[in-house]
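What you see is a predicted model; the values in this text were computed from it and never measured. Chain letters run A, B, ... following the sequence lines, proteins first and then strands; every chain starts at 1.
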Amino acid sequence: MASTIRLRAIVSGDTTEVQALVQHPMDSGFVKDSAGNLIPPHHIEVVEFEHAGKAVFTALWGPAVSKDPYVKFSFKGAQKGDDLTVSWVDNKGESDSLVAKIQ
Amino acid sequence: MAKQHNRPDRTRRLIVKAILAGVGLGLTGWKRARAADASLWLKDAFTQKTEADAIKALYGKDAEASDQVKLDAPEIAENGAVVPISVSSALPDVTSIAILVSENPFPLAATYKIPPGTSGMVANRLKMAKTSKVVALVESGGKIYSASKEVKVTVGGCGG
Amino acid sequence: MRLFIPALGVLWLVAASAAMAASTEADFKSALAAAEAAEKDAGTLKNQWTTTEQTLAAARKAAAAGNFEAATSAAKQAEALAKASIAQAKEQQQAWRAAVIR
Amino acid sequence: MLRALYATIATLFLALAQPAAATDAVNPQADFKAFRDFFTKRFPNVPLNDFVNGPYSMDADLRKQWVAIEDFPPYEFAVDKGKEMFATPFKNGKSYGDCFPNKGIGIRQNYPYFDVKRGEVVTLELALNRCREANGEQPFSYVKDDMAALTAYMAFTSRGKPFDIKIPNDPRALAAYVNGEKYFYSRRGQLNFSCASCHVQSPGEHIRTEVLAPALGILAAMPIYRSEWGSMGTISRRFVTCNSQVRGVPIEPQDENYRDVEYYLSYMSNGLPIAGPGARP
């Protein structure tokens, strides 16, 4: 099955712009299902982005981040063709990771 | 639709960790899914019920309003479930950015760690339960700067 | 949605006042049968209303709880709604032409 | 069947073709011109091809949020899933591509079409389920998930291609067109709204928080990821929700009326580019 992560990292000059989209329900814990029961919270807590063995960006998310969350940031020092690693973990201990080439 | 994580649950992951530790990390050639470090999450800050308490839990100090913090959010959210919000700052040495939605049950929505070399900018999409003040906090040189904006929500992001 | 309130209020009032006299299970059954028949006709025209369905459900629920007063009243409302939807469908057989962009 | 009645009426009009009957005569080309002129005159500042972006062509603040969301749109997962499904053979070894012209790539703009052999309108969703059934697979739900993933992928491979809906010289095709037009303009539901009440009379206006999309080009971005749904939905899903929003009991997805109204609306959008899958509030 395909990864839960979509990553786009593009170098322009000395800056790499990174956009990521993660497939995740991000259930807040405040929404009821059709039977009227609260859907328990199920959301990503931490997303780490690493380049050359070093963290370049860390996201800490609460239940108010939208379903299928999206984030964009940029950092300096990467070259085209370098690896960028993304990994996430949620409040149920589920996780996923992806390594993508910077374009 | 069933989601396909194919990941071990937390308990199993802890067991895997314990086994690895017990073997003295002799299994370096093993391929295993990387997971982000769950211990980084700030449970205390994310479970505060007011904006002020969340800021205190996050930084232990108050924020001062600054025009050096740029918060981009819509006037009227097209849908409270998906509100695009971005924060940027030209301040030097930004070390973190946080975004709070004052009227949400837990105001702290997201916080980002910005190491040296990474720009003081982030864009994301947040849920808003109702019309609320959105607050952006930027940590720079050990001080906390803020900007805020009212975003109108007529279809809340907490509905079914 | 509170966009548009058609003249149905009048029909509702008529149905409600008809139910003023104390109703029995037999009253309910005949009211329900009439409502269901009308709703079936609306279904043939593919023009049922969700409100008719909801009112029918409320009628059955009230009857199940032994409240035939409310059940009969709701069944009569449902019949009025179903008949209004039938009237709408029949009227629209030709009326739609007037709305076409020319 | 109403269809038969319309066929008769259409045939009569074609046979008579008297100028005296011009007010009621079926003339899709004239309808098309009037329909397009109505929207382009009402919204002179909206470029023609922008109508396919629905509410975003009407409201600047909404448009800005949409542009931000399109940066990395939530329908990406559906497109990827549809692509994977297209590449995965059925149990009998055949695949979706075998059921369609050009292996199903870049053909969305030709749907729905009038099938002269069957004498009915065939939509992309219907064709996909018939493809599955012909190959021994169970049909999918018409409203979301798998069906939306398939149509998302097919739309994605057809982006920018102009709608090219044809009405063959067949009284039944003309009858289907008229039935679709009738469905579009007929009031229904307790709120007594027609499709046109919202999407012809009030596009750009707010209903609660939502900005109504113009009927011109309204199907070009289908299927859509709606934030309100938190998921993808097909054209069938949109019709069903439209009906319930006016307090009408929806008819079955792919009912003849739904297919005919899709045929009518798509014909009205001829020449406008396919923009699906789309993102909507």
Side-chain angles (χ1 to χ4, degrees), chain A residues 1-12 15-34 37-44 47 49 57 59 61 63-75 84 86 88 90 94 96-98 100-103, chain D residues 56 61-89 95-96 141 143-146 148-150 152-154 156-157 159 209-210 223-233 237 240-241 244 250 276-281:
Chain A
M1 201 56 198
S3 170
T4 60
I5 305 170
R6 297 289 181 282
L7 190 64
R8 214 181 281 154
I10 300 163
V11 184
S12 165
T15 303
T16 303
E17 187 185 86
V18 181
Q19 293 182 88
L21 190 70
V22 184
Q23 195 168 26
H24 198 284
M26 297 301 282
D27 293 318
S28 66
F30 296 104
V31 177
K32 285 179 182 161
D33 64 17
S34 48
N37 304 312
L38 275 182
I39 302 166
H42 182 200
H43 63 88
I44 293 176
V47 194
F49 294 79
F57 190 73
W61 285 344
V65 172
S66 299
K67 179 186 163 153
D68 296 340
Y70 163 86
V71 71
K72 174 163 100 172
F73 69 96
S74 54
F75 71 101
L84 184 71
V86 192
W88 60 258
D90 70 19
E94 291 171 357
D96 197 6
S97 66
L98 179 78
K101 295 273 180 230
I102 294 172
Q103 294 170 333
Chain D
Y56 306 120
D61 193 43
L62 267 189
R63 191 182 186 91
K64 204 175 152 210
Q65 296 174 61
W66 170 61
V67 168
I69 285 167
E70 281 285 328
D71 241 3
F72 220 139
Y75 54 69
E76 284 238 346
F77 295 108
V79 174
D80 288 354
K81 185 179 173 191
K83 188 177 183 181
E84 200 175 301
M85 290 167 80
F86 247 72
T88 313
S95 57
Y96 290 108
S141 151
V143 293
K144 49 188 176 178
D145 299 338
D146 294 306
L150 287 170
Y153 173 64
M154 293 181 83
F156 189 73
T157 66
R159 276 197 172 175
T209 182
E210 298 188 46
I224 49 173
Y225 183 101
R226 285 203 84 175
S227 303
E228 186 189 333
W229 298 334
S231 64
M232 297 290 298
R237 185 173 187 181
V240 164
T241 29
S244 12
R280 293 289 183 272

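- Proximity to chain A at a heavy-atom threshold of 4.5 Å picks out D:D71, D:F72, D:P73, D:P74 from residues 64-74 of chain D, in numerical order.
- With sequence neighbours left out, D:Y96 forms a ring pair (Phe, Tyr, Trp, His ring centres under 6.0 Å) with D:F86, D:F90.
- Note that CD of A:Q23 and NZ of D:K81 are 8.5 Å apart. Values are rounded to the nearest 0.5 Å.
- For a residue to count as touching a neighbouring chain, one of its non-hydrogen atoms must lie under 4.5 Å from one of that chain's; by this rule A:V71 does not touch chain D.
- Here the shortest heavy-atom pairing between A:V22 and D:F77 reads C-CZ, 3.7 Å.
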